[in-house]
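In this chain, residues are counted from 1 in sequence order.
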Amino acid sequence: MLEVENLETAYGASQVLFGVGFDVRAGEVVTLLGRNGMGKTTTVRTIMGLAKPKAGRVRFDGAEVSGLPAYRVAQAGIGLVPEGRQIFPNLTVRENLVATARGTGWTLERVYGFFPRLAERQNNMGNQLSGGEQQMLAIGRALMTNPKLLILDEATEGLAPLIRKEIWRGLAALKADRQAILVIDKNLDALLALADRHVIVEKGRVVWRGTSAELAADPGLQHRYLGV
């Protein structure tokens with residue numbers, strides 16, 4: 001479904017990605033792992049058209065999307081839950097959800113059933129929500145675009161344990177529904193339980209790929225690249 005090949009991306013004279021490549025198949029959950037500052041978010045920004053690659057390409061669902069503007073990438077079927085949530089603070093929960101909605105499958109009622117807390121807060125403004133509620137809203141907003149691939153950058157960063165548990169429950173339910181997901185997070189135990197495969201990035205390069213079983217069986221690898 002998603003094919004990333006030899007991506008090189010720079011911000012001005014500072015190159016961040018050096019030949020990054022991986023893929024996500026239909027119905028699969030893949031993680032992008034690595035310490036802070038290693039290029040994970042830049043990889044996501046390049047996939048989404050928010051950063052322009054110097055070299056390499058991104059193909060999605062059989063078509064090249066490299067260099068397309070972000071709205072075209074989103075229209076192709078990729079939904080993004082960005083780092084920092086970036087919900088609209090001056091819109092209500094309901095307005096946030098319907099503002100960019102498209103397609104069929106995910107509706108307001110389905111999102112409210114998925115995250116009941118959003119139904120309770122549907123008339124509250126975005127800036128009146130807790131961090132956890134904002135993350136639920138960001139996920140719900142992405143789902144309302146009915147994406148073929150859902151990308152989450154820092155899925156549970158800074159959230160309380162109970163809220164993190166609810167987010168992981170939701171992602172597990174999406175996986176059971178065969179939703180393709182690319183996720184960045186630091187909670188390795190939850191990722192090992194959720195994901196099919198993992199990609200580790202170090203200084204803008206892919207240094208390891210493998211399954212949850214392979215990663216769980218190698219504490220040295222976890223310590224070397226993830227600081228676990």
Side-chain angles (χ1 to χ4, degrees), residues 1-24 29-61 63-89 99-100 126 131 134-135 137-139 141-142 145 147-159 180-188 191 195 197-209 221-222 224-228:
M1 177 171 284
L2 177 71
E3 302 169 78
V4 177
E5 299 178 3
N6 300 312
L7 276 191
E8 297 189 9
T9 302
Y11 297 115
S14 178
Q15 187 162 341
V16 179
L17 302 184
F18 301 85
V20 168
F22 61 92
D23 64 90
V24 181
V29 178
V30 175
T31 75
L32 202 56
L33 302 175
R35 293 185 176 93
N36 289 340
M38 292 299 156
K40 304 184 301 296
T41 293
T42 297
T43 300
V44 168
R45 287 178 56 82
T46 307
I47 291 169
M48 292 301 304
L50 298 168
K52 189 172 182 179
K54 290 174 56 180
R57 66 179 193 169
V58 179
R59 289 178 60 81
F60 181 70
D61 211 18
E64 185 152 359
V65 296
S66 310
L68 291 181
Y71 77 91
R72 292 279 305 279
V73 178
Q75 287 174 347
I78 304 180
L80 174 64
V81 181
E83 184 178 19
R85 296 139 201 162
Q86 297 182 31
I87 54 101
F88 300 114
T100 56
Q134 288 185 10
Q135 185 69 345
L137 179 56
I139 295 172
R141 180 181 61 185
T145 69
K148 298 174 185 174
L149 172 67
L150 181 66
I151 300 179
L152 299 101
D153 191 354
E154 297 295 354
T156 63
E157 183 180 30
L159 302 184
I181 301 172
L182 175 65
V183 58
I184 297 172
D185 201 78
K186 296 180 180 67
N187 190 330
L188 186 58
L191 293 174
R197 293 187 295 120
H198 307 270
V199 178
I200 298 179
V201 178
E202 175 84 1
K203 296 180 179 177
R205 293 177 170 87
V206 173
V207 294
W208 186 87
R209 300 179 183 86
L221 179 74
Q222 298 176 31
R224 183 160 66 252
Y225 293 122
L226 307 177
V228 177

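Contact between Gly227 and Arg35 at its shortest, heavy atoms only, is N-NH2, 3.4 Å. Nearest heavy atom pair, residue Val183 against residue Ala155, reads CG2-CB, 3.9 Å. In terms of heavy atoms, Gly79 sits closest to Thr145 at CA-OG1, 4.3 Å. Considering every non-hydrogen atom in both Ala142 and Pro147, the closest pair reads O-CD, 3.3 Å. Minimum heavy-atom separation, Val20 to Gly204: CG2-O, 3.3 Å. Gly56 and Leu7 get closest at one heavy-atom pair: C-CD2, 4.1 Å.
Using modelled atom types, one finds a donor on one side chain and an acceptor on the other under 3.5 Å when comparing Thr9 with Thr46.
Side-chain contact between Met38 and Tyr225 is absent, with no heavy-atom pair separated by less than 4.5 Å. Within the 4.5 Å cutoff, the side chain of Phe88 has heavy atoms near those of the Arg141 side chain. The side-chain heavy atoms of Val24 and Met1, taken from C-beta on, include no pair separated by under 4.5 Å. Taking 4.5 Å as the limit, some side-chain heavy atom of Lys186 sits within range of a side-chain heavy atom of Asn36. Side-chain contact between Asp185 and Thr31 is absent, with no heavy atoms from C-beta onward closer than 4.5 Å. Side chains of Asp153 and Pro82 form no contact here, defined as non-hydrogen atoms less than 4.5 Å apart. Using a 4.5 Å cut-off on side-chain heavy atoms (C-beta onward), Tyr11 and Arg45 make contact. Between Lys54 and Leu17, the closest side-chain pair of non-hydrogen atoms is not below 4.5 Å.
Judged purely by atom type and a 3.5 angstrom limit, Glu154 has no side-chain atom pairing as donor or acceptor with the backbone of Gly84. Listed for the Arg197 side chain is a donor-acceptor partner under 3.5 Å among the backbone atoms of Asp23.
Between Phe22 atom CZ and His198 atom NE2 the span is 14.0 Å, to the nearest 0.5 Å. Taking CD of Gln86 as the reference point, atom CG of Leu137 lies at 12.5 Å (rounded to 0.5 Å). Note that CD of Glu157 is 12.0 Å distant from CG of Asn187, once rounded to the nearest 0.5 Å. Separation of atoms CZ (Phe60) and CD (Glu3) is listed at 11.0 Å; rounding is to 0.5 Å. Remark: Ile151 CD1 to Leu32 CG distance equals 9.5 Å, nearest 0.5 Å. Interatomic distance, Gln134 CD to Ile87 CD1, rounded to the nearest 0.5 Å: 4.0 Å.
Each of Leu80, Ile78, Ile47 was evaluated against Leu182; a single residue qualifies, Ile47, per the side-chain contact (heavy atoms from CB on, under 4.5 Å) test.
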